[in-house]
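In this chain, residues are counted from 1 in sequence order.
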Amino acid sequence: MDDSRPDPADALAVIGNERRVAIIYELQRAFREGKDTLAYAELKRRVGVRDSGNFNYHLQRLVGQYVRKTDVGYALTYAGRKVASALTAGIFTEQADGTTVLASGTCYNCHAESLTARYERERICIACDDCDEEILHNPFPPAPTTRREDLLFAFDAWTRRWNALASAGTCPECGSRMDGKLTDSNSALSVGDVPYRLHVTCRECWAMSNLPLGLLVRDHPQVVGLHTARDVDIGSTPSWDIDWALHRDYLAVVSDDPLTLQLRIPLDDEELQLTFDDEGTVVSTEITH
């Protein structure tokens, strides 16, 4: 372990104080109002602390890591903005377990239009009420779960961004390097019902998942082109409603040594076939009629 890195426990102790949270919140609010910095007196007034000694003590605990002191006042650092985002997302303060909404689309397992999205264990899970198949899940902040009327649109956009970054080797949670390898395991981290998934793990933080290859190529030029030519907007189709991305009927093993997989994407009288190597990379494409 790199001893030069700050201890996460110490970092949490620094921000785990009501006055310091208020300082971060007010600097965030000022930034949203178009003010890059706040003067000391203005920041103190906004936070509502009369005792200058008490206010200065808490402010100085934030300066450096979370707050930057300038010639004209104080501003949030990138770390401070990340803390502000986490506070806004309700990660430290809110619970949304049990929130349930209906989801559009059909179940890839039983083809019923009985999908439900439920928030539990800090994630949204899309499942079928008829056959109990879990279609898709992903971590999601609690606050927008109860505040956004377009919750599932936001969740799908969040999930696509998460998958795209992870498959590109960048952790969507902390920005560190992410490694990926094909796996045939079916753990609690697994999404969809496919024989192989790309197992992605961050080298630094907790982020990991087992992702179907179909979800990772929905924005591939050949996939988008096939759908565009048939006036189908694949970009507006929710991830949980793409059977070929999530069900084993469309993904087959072509070779075991080296491992080679083929994904079939049928559309009308055409079929796009994507071939993947043992690292989950598309190595060839073919359209058949």
Without swapping roles, check the side chain of [X] against the backbone of [Y] for a donor-acceptor pair under 3.5 Å.
X	Y	value
Tyr78	Tyr66	no
Asp277	Gly280	yes
Ser185	Thr183	no
Asp150	Phe153	no
Arg218	Ile234	yes
Thr260	Asp256	no
Thr70	Val72	yes
Trp240	Ser104	yes

Give the minimum heavy-atom separation between [X] and [Y], together with the two atoms involved.
X	Y	result
Ser85	Gln28	N-OE1, 4.4 Å
Arg197	Val191	NE-O, 2.8 Å
Leu189	His137	O-NE2, 3.9 Å

Report yes if the side chains of [X] and [Y] come closer than 4.5 Å at any heavy-atom pair, otherwise no.
X	Y	answer
Arg248	Leu251	no
Glu279	Leu182	no
Arg19	Tyr57	no
Cys171	Arg177	no
Trp162	Ser209	yes
Ile265	Tyr250	no
Leu215	Leu136	yes
Asn56	Tyr40	yes

How long is the span from the [atom1] atom in [X] to the [atom2] atom in [Y], to the nearest 0.5 Å?
X	Y	atom1	atom2	value
Asn109	Cys128	CG	SG	7.5 Å
Met208	Ser187	CE	OG	9.5 Å
Glu26	Leu38	CD	CG	8.0 Å

Looking only at side-chain N and O atoms, does [Y] offer a donor or acceptor that is under 3.5 Å from a partner on [X]?
X	Y	result
Arg68	Thr77	no
Glu271	Gln273	yes
Ser239	Arg160	no
Thr201	Asp179	no
Thr106	Glu113	no
Ser114	Asp130	yes

Measure the acute angle between the ring planes of His227 and Trp244, then classify it against the limits of 30° and 60° as parallel, tilted or perpendicular.
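Correct class here is tilted.
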Start with the C-alpha gap between Cys205 and Ser176, add the side-chain angles, then the distance that decides, and say whether side-chain contact (heavy atoms from CB on, under 4.5 Å) holds.
CA-CA 8 Å; Cys205 77; Ser176 299; over 6 Å; no
Between Ser52 and Lys44, is a side-chain contact (heavy atoms from CB on, under 4.5 Å) present by the stated rule, with each step listed?
CA-CA 8 Å; Ser52 296; Lys44 178 172 174 289; 3.3 Å; yes
With a 4.0 Å cut-off, would you call [X] and [Y] a salt bridge?
X	Y	result
Asp278	Lys181	no
Glu270	Arg230	yes
Glu134	Arg123	yes
Arg46	Glu33	yes

Under the side-chain contact (heavy atoms from CB on, under 4.5 Å) rule, what do Val254 and Leu261 come out as? Steps first, then yes or no, please.
CA-CA 5 Å; Val254 177; Leu261 305 176; over 6 Å; no
Is Leu102 atom CG crowded by more than 12 heavy atoms from other residues, nucleotides or ligands, each under 6.0 Å away?
no
For Phe31, the option from Asp36, Thr37, Leu76 that meets side-chain contact (heavy atoms from CB on, under 4.5 Å):
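It is Asp36; the other options fail the test.
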Tell me which one of Leu62, Leu59, Val47 satisfies side-chain contact (heavy atoms from CB on, under 4.5 Å) with Arg20.
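Going through the options one by one, the only one that passes is Leu62.
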Candidate pair Leu274 and Leu272, rule side-chain contact (heavy atoms from CB on, under 4.5 Å), full reasoning:
CA-CA 7 Å; Leu274 303 179; Leu272 173 63; 4.0 Å; yes
